[in-house]
2 protein chains.
Amino acid sequence: MKTPGPDSQALEPVTKVSDATMREFFGYRMKRAFNVVQADLARTLKPFELRMLTCTALVLIVENPGLRQAQLADAMDMERPNLVVLVDELERRGLIRRDRMPNDRRAYALVATAEGRELCARAVAAVKAHEAALLRGVSPDLRAAAEDALNKIERRRPPG
Amino acid sequence: MKTPGPDSQALEPVTKVSDATMREFFGYRMKRAFNVVQADLARTLKPFELRMLTCTALVLIVENPGLRQAQLADAMDMERPNLVVLVDELERRGLIRRDRMPNDRRAYALVATAEGRELCARAVAAVKAHEAALLRGVSPDLRAAAEDALNKIERRRPPG
DNA sequence: TATTGTTATACTCTATAACTATA
DNA sequence: TATAGTTATAGAGTATAACAATA
C-alpha cells in the first residue's frame, strides 16, 4: 500500500527563499559578508591592476624588505608553488626584484622597487578609503568587536 | 653622481615578518579568519561527501521545497551556470530531484529526497557541533557583535 | 522579446608531487 | 639528507557569452 510521500506532493511555487537554517552558521554569514568585502576590494584594486593576493604580497614585501619567498608564503598562509606566479607577476611589472641572498644562494631576497613602493602606497590609501565607505554604518565599537572575534577565530586553527 | 638608493642596500635577513599594514584592513582579517572557518567546515563536511556550496544548496532545497534553480542561484549569490554542476552532483547522488514545474515547463522545481533530507540533517548537526568547538573562546556577546557587523556589511553591497 | 536552464570557456585560487640547485 | 624555489597538474570557485526550449 503505497501512499504518496512528501516527495510526490504537489508543491506551491516558492515566493520567498528562506535561509534560516544556514543563517545559524557563523561560517555562512562570514562567507556572505566576505563576498561583499572581496568584491569591493577587487573593484578598488582594479585601477592599480592588483588583486587581493598580489596587493597583499606587494605590501608585505614593502614592509619586510629582503624576506624570502618561503617566509612570504608562510605569512600569506599559502603554498610555496602558488606564490611563485604572484612573485613572477610583480617582478615582471617591475614592482619588485628577486635578489640572490649572498649567504644562501638557494633563496631570494624580495625587495620592492621605487615604483613598487609608490604603487603600494597609492593602493593602500585607496583600499583604506573604500573600506571606510564600506564600513560606514558599522560603529567603531562594533568593528572593534568584530575584529576581536575574527582574530580569536584566526588564532584558533584546526581544532581536532 | 649615482649613490646607492634603498633598492641596492645590503639587507639583513628578515627574522619576523610583519603584516602591520595589512592588519589595518578589515578585509585582510576577514580573509584570514574565513580561511580557518572554511578549512574547518571542509573537514567537517568531508565524511558526508559535501562541500560548503553543495551543503548550502542542499540545505536551501530542503528548507524551500520546490524552488527553482534561478531562485537558488540568487539566494546563494552565484551565477546560474555555476549552479548547474552543483545541482547535477546532488541529483546524481540521489539527494534531490529536478521536477518539471507544471505551469512553467522551462523551470525545475527542486525537491530533496528522503535520503537528501536525512543527510542534510546529519550534516547540519555536525557543522553546528564543529562551529561550537571552533567558536569556544568567543563569548556569546562577542559572537553576536561580530554577526551584527557581518550582517551590516553584507547588506551594504557595492558602494559606488 | 524575455526567461530557464544549459554548454562552453576562461580566469583565479588552492593543493600535491616531483624536480633543480644549493646547503 | 634537507631546504628554496620551481614546474606541472588537478580541483574548486567564479564570471561571461551564447544557445535551445518555453513563456
Side-chain angles (χ1 to χ4, degrees), chain A residues 13-14 27 31-32 34-43 45-46 49-57 61 66-92 96-110 158, chain B residues 13-14 17 27 31-32 34-39 41-43 45-46 49-57 61 66-92 96-110 158:
Chain A
V14 173
K31 180 177 168 62
R32 298 187 71 94
F34 182 63
N35 281 351
V36 173
V37 172
Q38 158 73 22
D40 177 65
L41 193 53
R43 251 180 302 109
L45 291 175
K46 190 151 212 171
E49 291 180 278
L50 289 171
R51 301 183 307 283
M52 190 172 190
L53 286 178
T54 52
C55 181
T56 302
I61 294 169
L67 87 169
R68 298 161 170 239
Q69 289 189 196
Q71 289 180 307
L72 181 54
D74 187 59
M76 291 181 67
D77 270 324
M78 58 188 297
E79 302 301 320
R80 273 56 85 214
N82 296 325
L83 183 65
V84 173
V85 291
L86 295 188
V87 173
D88 282 349
E89 185 178 335
L90 294 174
E91 187 186 37
R92 184 174 31 76
I96 67 160
R97 286 202 326 269
R98 283 193 243 230
D99 290 350
R100 277 293 177 196
M101 301 211 53
N103 24 348
D104 186 345
R105 307 223 346 270
R106 295 172 300 183
Y108 289 123
L110 302 176
Chain B
V14 173
V17 178
K31 179 178 168 62
R32 298 187 70 93
F34 182 63
N35 282 350
V36 173
V37 172
Q38 157 74 22
L41 194 52
R43 251 179 302 110
L45 291 175
K46 190 151 213 175
E49 291 179 275
L50 290 171
R51 302 183 306 283
M52 190 171 189
L53 286 178
T54 52
C55 181
T56 302
I61 294 168
L67 88 169
R68 298 161 170 239
Q69 289 189 194
Q71 289 180 307
L72 182 54
D74 187 58
M76 291 181 67
D77 271 325
M78 58 186 297
E79 301 302 320
R80 271 56 85 215
N82 296 326
L83 183 65
V84 173
V85 291
L86 295 188
V87 173
D88 282 349
E89 185 178 335
L90 294 174
E91 187 187 36
R92 183 172 33 75
I96 66 160
R97 286 201 326 268
R98 282 192 244 231
D99 290 350
R100 277 292 178 196
M101 301 212 52
N103 25 349
D104 186 345
R105 306 218 351 266
R106 294 172 301 182
Y108 288 124
L110 301 177

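This one's a predicted model, so the numbers in the text were calculated from it and none came from an experiment. Just the heavy atoms: all of them, side chains too, but no hydrogens, waters or symmetry mates, feed the values below. Chain identifiers are assigned alphabetically (A, B, ...) following the order of the sequence lines, protein sequences preceding nucleic acid strands; residue numbering begins at 1 within each chain.
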Between A:Leu53 and B:Lys31, is any pair of side-chain heavy atoms under 4.5 Å apart?
-> yes
Looking only at the side chain of [X] (C-beta and beyond, no hydrogens), which of the listed nucleotides [options] gets closest?
X: B:Pro81; options: D:dA17, D:dG5, C:dA21; value: D:dA17
X: A:Arg106; options: D:dA21, C:dA23, D:dT6; value: C:dA23
X: A:Asn35; options: D:dT14, D:dA23, C:dT14; value: D:dT14
X: B:Arg51; options: D:dA12, D:dG5, C:dT14; value: D:dA12

Starting at CD1 of A:Ile96, measure out to CG of A:Asp88 and round the result to the nearest 0.5 Å.
-> 8.5 Å
Value rounded to 0.5 Å, distance of CG in B:Leu90 from CG in B:Leu50 | 7.5 Å
Between atom [atom1] in [X] and atom [atom2] in [N], what is the gap in whole Å?
X: B:Glu79; N: C:dT4; atom1: CD; atom2: P; result: 13 Å
X: B:Glu49; N: D:dA12; atom1: CD; atom2: P; result: 11 Å
X: A:Asp88; N: C:dC13; atom1: CG; atom2: P; result: 14 Å
X: B:Phe34; N: C:dC13; atom1: CZ; atom2: C1'; result: 13 Å
X: A:Asn103; N: D:dT3; atom1: CG; atom2: C1'; result: 14 Å
X: B:Leu53; N: C:dT14; atom1: CG; atom2: P; result: 15 Å
X: B:Asp104; N: C:dG5; atom1: CG; atom2: P; result: 8 Å
X: B:Met101; N: D:dT22; atom1: CE; atom2: C1'; result: 14 Å

Classify [X] by what it touches in the nucleic acid, base, sugar-phosphate, or nothing, heavy-atom distance under 4.0 Å.
X: B:Arg98; result: sugar-phosphate
X: A:Gln69; result: sugar-phosphate
X: A:Leu83; result: nothing

Between A:Gln69 and the options A:Val84, A:Ile61, A:Asp74, the side chain to side chain contact (heavy atoms under 4.5 Å, CB included) test singles out A:Val84
For the base of C:dT22, is there a side-chain donor-acceptor partner from A:Arg105 under 3.5 Å away?
-> no
Donor-acceptor pair under 3.5 Å: do we get one between B:Asn82's side chain and the base of D:dA15?
-> yes
Criterion side chain to side chain contact (heavy atoms under 4.5 Å, CB included) on A:Leu110 and A:Arg68, from CA distance to verdict | CA-CA 6 Å; A:Leu110 302 176; A:Arg68 298 161 170 239; over 6 Å; no
Whichever of A:Pro102 and A:Val85 has the more 5' nearest nucleotide on DNA chain C, that residue is A:Val85
